[in-house]
Visitor: 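Here it is, the structure in full.
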There are 2 protein chains.
Amino acid sequence: MSQRNTGVTVQEVNAHACPVREVLDRVAGKWSVQILVAAAHGPIRFTELERGIEGISRRMLTLTLRNLERDGLVTRTVHPTVPPKVEYELTPVARELHETLQRLTDWAERNRHYVADARAAYDTEHAPELVAE
Amino acid sequence: MSQRNTGVTVQEVNAHACPVREVLDRVAGKWSVQILVAAAHGPIRFTELERGIEGISRRMLTLTLRNLERDGLVTRTVHPTVPPKVEYELTPVARELHETLQRLTDWAERNRHYVADARAAYDTEHAPELVAE
DNA sequence: CTGCATCCGATTGGATACTG
DNA sequence: CAGTATCCAATCGGATGCAG
């Protein structure tokens, strides 16, 4: 490890990077992950999501749900009642994804202070007078 | 599991979702992950990154590196030679992150076809005539 | 070689109002 | 209840040129 570049190395790992970006692009939106998390416990209704996810607009909730549905990550079930009732549920594939995201959460919680400190230190060092303001 | 919402459930998981978003925001940029991957093998120079990551502009490389440095995920080492030589290297924390991202890659590779098919099916079903074009 | 500054287009996301 | 439509502001990212 820790070797210098050997010419092909970067190109090679770049090929491995593409699938990662595929995932992240799919989850990159501001709300996708929170929806996945909120729906992880079982079927959940549109309004429940809207109330449960602080700050989300109806528009973004709809758009994000559509994208998740399109990618086969959530199912949309319309109950033809009155008033209408629509339930969203994670697919098995999305549940796997959710578990994987849990690892990321763990990492974030373990290192949130480290990152926050690093950020503060960096800011202090690069713009001392601006930080105070 | 599979229970309906119990009122606090969504709020509760939402609290868990925040750290996830912290992570993702940090890695959400178009290039952050590819840089992390490219630098995972050891110290790497600016130009090597620029050549290795297909399509990245010098501007975005600089900006993304600065953000990663700010968050304590990469170190920047300037060798005061002529011509100047700057090497970037992942911090231990970033290496952990990189491993976690690997899980995401695995998920992506396992399910890339599933997602692609779901997407194609969705598009076919929702805009049949537009898909052909 | 390693950056920063500027301009500009594209995309994202919020606010609001309207509908079956 | 569960959306859709429209408008608008902010951010992101590419292209280019200049500099230590």
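This one's a predicted model, so the numbers in the text were calculated from it and none came from an experiment. Chain letters run A, B, ... following the sequence lines, proteins first, then strands; residues in each count from 1.
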Visitor: Any chain of hydrophobic side-chain contacts (each under 4.5 Å) joining A:Ile35 to B:Tyr122?
Guide: no
Visitor: Listed in order of residue number, which residues of residues 62-79 of chain B have a non-hydrogen atom at under 4.0 Å from DNA chain D?
Guide: none
Visitor: Could you check whether any side-chain N or O of A:Glu69 sits under 3.5 Å from a backbone N or O of A:Arg66, counting only pairs where one atom can act as donor and the other as acceptor?
Guide: no
Visitor: Grab the CD-C1' distance between A:Glu87 and D:dA2 for me, whole Å please.
Guide: 13 Å
Visitor: What is the distance, rounded to the nearest whole Å, between atom CG of B:Asp25 and atom P of D:dA10?
Guide: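 Roughly 19 Å, once rounded to whole Å.
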Visitor: Starting at CD of A:Gln34 and ending at C1' of C:dG13, how long is that distance when rounded to a whole Å?
Guide: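 Taking CD of A:Gln34 and C1' of C:dG13, I get 14 Å after rounding.
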Visitor: Which comes earlier along DNA chain C counting from the 5' end, the contact point of A:Met60 or that of A:Pro84, where each point is its nearest nucleotide?
Guide: A:Met60
Visitor: From CD1 of B:Ile35 over to C1' of D:dG13, roughly how many Å is that when rounded to an integer?
Guide: 13 Å
Visitor: Does a side-chain N or O from A:Lys30 land closer than 4.0 Å to OP1 or OP2 of D:dT11, or not?
Guide: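 Looking at the OP1 and OP2 atoms of D:dT11, neither is under 4.0 Å from any side-chain N or O of A:Lys30.
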Visitor: Check the distance between D:dC1's C1' and A:Leu49's CG and give it to me in whole angstrom.
Guide: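 After rounding, the gap between these two atoms is 13 Å.
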Visitor: Of the nucleotides D:dG3, C:dG3, C:dG20, which has the atom closest to the B:Val86 side chain?
Guide: C:dG3
Visitor: Give the nucleotide from the list D:dC1, C:dG3, C:dC1 with an atom nearest to the side chain of B:Arg58.
Guide: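 Of the options given, the side chain of B:Arg58 lies nearest C:dG3.
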Visitor: Whole angstrom is fine here: how far is it from CG in A:Leu61 over to P in C:dT12?
Guide: 17 Å
Visitor: For the pair made of CD1 in B:Ile56 and P in D:dA15, what is the distance, rounded to whole Å?
Guide: 12 Å
Visitor: Do B:Val82 and B:Phe46 share a hydrophobic cluster, counting only Ile, Leu, Val, Met, Phe, Trp and Tyr and linking them when any side-chain heavy atoms are less than 4.5 Å apart?
Guide: no
Visitor: Report the C-alpha distance between A:Leu97 and A:Leu90 in whole Å, list the side-chain angles of each, state the deciding distance to 0.1 Å, and finish with yes or no for side chain to side chain contact (heavy atoms under 4.5 Å, CB included).
Guide: CA-CA 10 Å; A:Leu97 174 60; A:Leu90 261 49; over 6 Å; no
Visitor: Does OP1 or OP2 of D:dG3 have a side-chain N or O of A:Tyr88 closer than 4.0 Å?
Guide: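 For D:dG3, OP1/OP2 do have a side-chain N/O of A:Tyr88 under 4.0 Å.
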Visitor: Verify the contact: side-chain N or O of A:Arg59 to OP1 or OP2 of D:dA5, cut-off strictly under 4.0 Å; return yes or no.
Guide: no
Visitor: Does the side chain of A:Trp107 reach to within under 4.5 Å of the side chain of B:Val23, using non-hydrogen atoms?
Guide: yes
Visitor: Find the distance A:Arg26:CZ to C:dT12:P and express it as a whole number of Å.
Guide: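 About 14 Å, once rounded to whole Å.
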Visitor: For B:Arg103, does the CZ atom have more than 12 heavy-atom neighbours from other residues, nucleotides or ligands under 6.0 Å away?
Guide: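 Not more than 12 within 6.0 Å, no.
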Visitor: Answer yes or no: does a side-chain N or O of A:Ser57 lie under 4.0 Å from OP1 or OP2 of C:dA15?
Guide: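 The answer is no; no side-chain N or O of A:Ser57 sits under 4.0 Å from OP1 or OP2.
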Visitor: Output yes when a side-chain donor or acceptor of A:Thr64 lies under 3.5 Å from a complementary backbone atom of A:Ser32, and no otherwise.
Guide: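 Not a single qualifying donor-acceptor pair exists.
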